[in-house]
Amino acid sequence: MSGTLPTLLVGSYTATGGGNATGISMVAGGAADASTAADVRTVAVIDDPSFLAVSGDRVYAVSETVDGSVSAFRRDGSALEHLWDAPSGGDAPCHVQVDPSGTLVVTNYVSGTVTAVSLAAAESHSASVLASDGVVGTHGSDDRVNVPDSAVVTEVLPDVSGPVEDRQEGPHAHQSIATPDGTVLVADLGGDALHEFRITGAPAIERVRVHHLAPGVGPRHLAWYDGDLIVAGELDGRVHRLRRDESGSLVVVASAATFDGEVGGALLSHVEVDEAGRVYVAVRGRDLVVVLDASDGGLTLVGSASSGGVWPRHFARVPGFVLVANQLSDAIAVLPVGDDGVPGEAVAQIPVGTPTCVVPV
C-alpha cells in the first residue's frame, strides 16, 4: 500500500533505562514503504524521554528517571531548541499532556503523584533568562533554565493497593486526560481508580472525586468517544467503557476482552478511538493491535493484527496507517489500515532505538 507519512517525533528509553536510544528522535516524512531508508536522527539528548506531547511549536518530554523531570523545547523545522526544565514531582514520570487549564500535567508512575506546571510562568521565566543573558543552553548543558518552584504543584495519590501484588503494591499514576467538564482524570494503575481533579493555571490541583474500577483492572491509558470514557485495563486484558451517571460518577456500561485465554503476561498499553467509533488498543506480550467497535454504544471485538514487532508500547494513527512503537524491536512498524479498520501486515520498519512514544507533527 502506498502513501505518505508525516514527520514524526519519537520518545525512547536511553542507556539510563536500559534502552538503545540517545534521546528524542525525529523521523522525516516520506513514502510509507521506505523502511531502512527513512531519515532518522537524534534531535535532543535527554535521559529516557519515554513520553512526548506536542502543542504548536512546543514539544514537551518527560525524563522517566528517579527524581524525574519534564523539559520544554521549541521546534524549528528539523531542530529542537531546549527552553526550560521543571521537576516532575516524583519518580518515573511516564506521561505528559498540555491541559486546557494552561498547565502541563505530568504523571509519575513509581511515586504515584501528579504534577501541574504553569506554562505561562515557565515561559515567562524562560524568556526573562534569555533576555538577561542572551543564551538558552542546549539540553544537558550547565546553562539549563529551571522554572521557579512557584510554577509547580504536586498532588500525591492516596496510598492504596490492588490484588495484583507485584504491580499494585501502591498507587501508580499512569496517564492524565482532560474531561469535557473542565476537569482532569488521572489513571491510577496501582489503585484501580480514576482520580478526578480540577487544575488551574495558578497552578493549583483540587480533588473533585474518585471513580473506582473493579479490582485488578489496572487502568493505564484513556480516550474519549461520544461522551464516554474508554479505558485500557493493563492488568485484566480488557477495554472498558464508562459513562457518567446522574451523580457525576463514571460507571462501566460495557466491557470487552481483547484476546482469548488467560491474561498471563499480556499487558494492554495505549488506546485511541477514531471518528467512526473504532477503538484501537495495543497488547504487549501477545504483540497485537486489537480493534473494537464502540459506535453502537457498547464494545464489540472487530478483529486483531500483529503489531509488526515486539512489545507495542504506543502507537499513532495517521491517514491510512497505524504507526506502532514496538519497544523491544527497536523499530516503528508501519501498518496499513483496511476498510474494516483492522491493520494489515507491516509495509515498513522505521529503525529507532527502544521506541516508547510516536507523535506525528
Side-chain angles (χ1 to χ4, degrees), residues 3-65 68 70-82 93-98 139-140 175 221 269-270 272 280 282 284 287 289 307-319 321-335 343 346-361:
T4 302
L5 300 181
T7 296
L8 307 172
L9 286 173
V10 183
S12 298
Y13 283 125
T14 64
T16 301
N20 302 313
T22 54
I24 302 171
S25 302
M26 181 175 286
V27 181
D33 57 359
S35 53
T36 56
D39 178 11
V40 182
R41 61 192 188 89
T42 300
V43 288
V45 176
I46 176 176
D47 288 337
D48 293 341
S50 64
F51 207 88
L52 312 175
V54 175
S55 179
D57 67 351
R58 294 299 195 263
V59 177
Y60 304 98
V62 300
S63 185
E64 191 179 333
T65 59
V70 60
S71 299
F73 301 85
R74 178 189 293 113
R75 183 170 65 90
D76 182 7
S78 59
L80 291 184
E81 175 192 4
H82 177 224
C94 59
H95 186 268
V96 58
Q97 61 108 350
V98 180
H139 197 279
Q175 187 201 30
H221 276 202
S269 57
H270 189 53
E272 290 188 10
Y280 293 81
R284 294 164 296 167
D287 299 332
V289 175
S307 68
V310 180
W311 212 250
R313 172 68 173 256
H314 187 255
F315 61 84
R317 294 180 301 107
V318 300
F321 300 93
V322 176
L323 311 177
V324 185
N326 288 300
Q327 180 180 332
L328 300 185
S329 295
D330 291 330
I332 296 169
V334 181
L335 309 182
V347 297
Q349 297 284 345
I350 302 172
V352 181
T354 333
T356 56
C357 178
V358 53
V359 182
V361 295

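Owing to the predicted nature of the structure, the values given are computational and were not obtained by experimental measurement.
In terms of the side chain to side chain contact (heavy atoms under 4.5 Å, CB included) criterion, residue partners of Ser329 (sequence neighbours excluded) are, by chain and number, Val310, Asn326. By the side-chain hydrogen bond (donor to acceptor under 3.5 Å, both in side chains) test, Ser63 pairs with no residue at all, sequence neighbours left out. When the salt bridge (charged side-chain N to carboxylate O under 4.0 Å, His left out) test is applied to Arg284, the partners found at least two apart in sequence or on another chain are Glu234. Taking the side-chain hydrogen bond (donor to acceptor under 3.5 Å, both in side chains) definition, one finds that Asp287 meets it with nothing, sequence neighbours left out.
Of the possible polar contacts, none joining the Gln327 side chain to the His314 backbone as a donor-acceptor pair under 3.5 Å is found.
Arg75 contributes atom CZ, which lies 11.5 Å from atom CZ of Arg58 (distance to the nearest 0.5 angstrom). Here OH of Tyr13 is found 10.5 Å from CG of Leu328. Values are rounded to the nearest 0.5 Å.
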Inset, instruction - Give the intermediate values and the outcome of side chain to side chain contact (heavy atoms under 4.5 Å, CB included) for residues Asp76 and Asp57. - result: CA-CA 7 Å; Asp76 182 7; Asp57 67 351; over 6 Å; no
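Closest of all the heavy-atom pairs between Pro312 and Ser269 is O-OG, 2.9 Å. Closest of all the heavy-atom pairs between Val10 and Pro355 is CG1-CB, 3.8 Å. The shortest heavy-atom contact between Gly353 and Ser12 is O-OG, 2.9 Å. Taking both residues in full, the closest heavy atoms of Leu52 and Cys357 are given as N-SG, 3.5 Å, listed atom of the first, atom of the second, then distance. Here the shortest heavy-atom pairing between His270 and Phe315 reads O-CE2, 3.3 Å. Ile332 and Ala325 make their closest contact through CG1-CA, 4.3 Å (heavy atoms, listed as atom of the first residue, atom of the second, distance).
For residues 307-318, every residue pair satisfying the salt bridge (Lys or Arg N to Asp or Glu O under 4.0 Å) rule, not counting sequence neighbours, is listed here: Glu64-Arg313, Glu272-Arg317.
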Can you give each donor-acceptor pair under 3.5 Å made by side-chain atoms of residues 14-25, sequence neighbours left out, with the distance rounded to 0.1 Å?
residue: Thr14; atom: OG1; partner: Asp48; partner atom: N; Å: 3.1
residue: Thr14; atom: OG1; partner: Asp48; partner atom: OD1; Å: 3.0
residue: Thr16; atom: OG1; partner: Asp47; partner atom: OD1; Å: 3.2
residue: Asn20; atom: ND2; partner: Asp330; partner atom: OD1; Å: 3.1
residue: Asn20; atom: ND2; partner: Asp330; partner atom: OD2; Å: 3.1
residue: Thr22; atom: OG1; partner: Thr42; partner atom: OG1; Å: 2.7

